Amino acid sequence: MMMKWWQNAVVYQIYPRSFQDSNGDGIGDIQGIISRLDYLQELGIDAVWLSPVYASPNDDNGYDISNYQAIHPDYGTMADMDELIEKARDRNIRIVMDLVVNHTSDEHQWFIEAKKGKDSPYRDYYIWRDPVAGGVPNNLTSAFSGSAWTLDENSGQYYLHLFSSKQPDLNWENEQVRREVYDMMNFWLDKGIGGFRMDVIDLIGKVPDKEITADGPKLHDYIQEMHQETLKGRDVMTVGETWSATPETARLYSHPDREELSMIFQFEHILLEEEPDKSKWDIKDLDLVEWKKVLTKWQVELTADGWNSLFWNNHDTPRVVSRWGNDTTYRKESAKLFAILLHHMRGTPYIFQGEEIGMTNRVIQSVDEVDDIESRNMYYERLEKGYSEEELLHLINVRGRDNARTPIQWDDSKHAGFTEETPWLPVQPNHVEVNVKQALEDKESVFYTYQKLIRLRKENPILVRGDFKLLLPAHPTVFAYERQFEGERWLVCGNISSEPQEISLSESGEADVMIVSNYSRAAVDLKAIQLKPYEAFSIKLK
Ligand code: GLC
Ligand code: CA
């Protein structure tokens, strides 16, 4: 099998608003990113997935784009963007742009034109329906609470928005819309970017009248057409954000012969924290045995005929160390444990900015502290339904998107070296201990575990290509697995708990050299392993 560069790559996600401010307005920007490229190079990553930097009224922090070929002045200029692409390339880092084409902003010129009336040439760029019985056309709801339909007073018709009312959905059935999107993609590809991360791409084939949103009948036709018109013949990577994915649909997206995408983000392991068929805010405790089963399913069912992406967190989720680890007593240990468990699996790993130093969730006491539209809308909707304020703040602290969006903690100074002035979202108090400067000075820091893991993937084809076998499937806290490739075998093991555990992995044979350990463990007797709280290691087997 011919390997692609993105198969042994590690991708680093930058949420630009919170990465590095360069001009003292409290908002991260492109020059800020450029100033930190050496840091990223030292970490060893191959590509940056850059969350949106396009022109936007920021109703959803840039996921509501008003001009796909312009940079938001908060972030800089197109010249800054070109400079970033070039300076990153000098360091062998590719810039993967966020492609948000399920919807635009309502301030995009297309929508402004479309709203002018039923005979506007842009009308059909969006999805309009007449009222039904004097109300909304059907029961489709927005991911950000309430109906997915908003009335346009002027024409008396409703338009569809699966996210906020300032994010009208594009009508992908309209060939002209598709043409515009492909032209825009080619504009960026011609600049030499490394590819695209495709926002909620599983929704573009929607059939609103049948209340079908994800996985519509024409979804894969559109993606194949997009591939032919834009990606074909270019050495780029693409990753689709697909909350609905199953291993079966993942093969449709990522089988190389089908010429669609390089890989997708699947969310099954994240969705285990929700009551089935309810919302993201109807939470339940994570069952680790189920979680291991889901991760294993994706490892074994997507092999030569598809490709996995691997991640624990992103700008839409809480931080892993706070959510599934322990961000107080065992912050470093558990941050390293999740790094070790992820980076030994098959697929392309993604690191969310700050994860590599073990940054933690933000804790809020009042809704006034919340910026994120999703959390705010949920809060007010549920408050009206009678939920208590306390309950709702708890939900936001557990699952809200601002958790992971606080500024990067570069050092222990007043605003953590992120900005000179007041940051758009407050810097977390623990920046005095948890920061990049400290991490770089301490050879035992979380940072160096990530650096080592990234290097390991480049040097060991077993990590990229080896088979995966789950061990101890029923163990309630230990995630252990073997990788195997051309006669070589590695064992990976982690105790996701603050209690010590004793296990036996004697069926794996005999231990050889230790590869990575978060407790400086030198050796292990597979017949009786005493695991400390959040201990993880990987070892070669004889
Ligand atoms: C994706 C993005 C999220 C955004 C939504 C709507 O899920 O990751 O941040 O709010 O799409 O664009
Ligand atoms: Ca700035």
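All values derive from a computational prediction rather than experimental measurement. Side-chain atoms are counted along with the backbone in the values below, which use heavy atoms only and exclude waters and symmetry mates. For ligands, and for the atoms within them, numbers begin at 1 and follow the listed sequence.
Within the 4.5 Å cutoff, no side-chain heavy atoms of Leu302 are placed close to those of Arg346.
Every atom of ligand 1 is numbered from 1 in the order shown, and the set under 4.0 Å from a heavy atom of Arg401 is 3 (C), 4 (C), 9 (O), 10 (O). Each of the following atoms of ligand 1 lies closer than 4.0 Å to a heavy atom of Glu241: 1 (C), 7 (O), 8 (O), 11 (O). Applying the 4.0 Å criterion to heavy atoms of Phe144 picks out, from ligand 1, the atoms 10 (O).
For the pair Arg399 and Glu274, the salt-bridge criterion is met [side-chain N within less than 4.0 Å of a carboxylate O]. Ionic pairing of Lys166 and Asp59 is not present here: no N-O contact between side-chain nitrogen and carboxylate oxygen is shorter than 4.0 angstrom.
Looking only at protein N/O/S atoms, the ones less than 3.0 Å from the Ca ion (ligand 2) make 5 in total.
Classified by interplanar angle (parallel below 30°, tilted 30° to 60°, perpendicular above 60°), the ring pair Tyr75/His72 is perpendicular. Between Phe144 and Phe163, the ring planes are perpendicular. Angles over 60° get that label, and only those under 30° would be called parallel. The aromatic rings of Tyr12 and Phe19 sit perpendicular, their planes meeting at an angle over 60°, well past the 30° parallel limit.
For Asp199, a nitrogen or oxygen atom sits less than 3.5 Å from a nitrogen or oxygen atom of ligand 1, counting backbone and side chain alike.
Remark: of the listed residues Trp6, Tyr15, Phe265, Phe265 is the sole one forming a ring-ring contact (aromatic ring centres under 6.0 Å, His included) with Trp49.
At the top of the distance list for atom 8 (O) of ligand 1, counting protein heavy atoms only, stands Asp316 OD2, 2.5 Å. Of the protein's non-hydrogen atoms, the one nearest atom 10 (O) of ligand 1 is Asp60 OD2, 2.5 Å.
Residues meeting the side chain to side chain contact (heavy atoms under 4.5 Å, CB included) test with Ser35, sequence neighbours left out: Gln20.
With 3.5 Å as the limit, one finds a donor-acceptor pair spanning the side chains of Gln167 and Asp60.
Between His103 and ligand 1 there is a heavy-atom distance shorter than 4.0 Å. Put simply, part of Arg197 is less than 4.0 Å from ligand 1, judged by heavy atoms.
Considering CZ of Arg17 and OG1 of Thr406, their distance stands at 14.0 Å, rounded to 0.5 Å.
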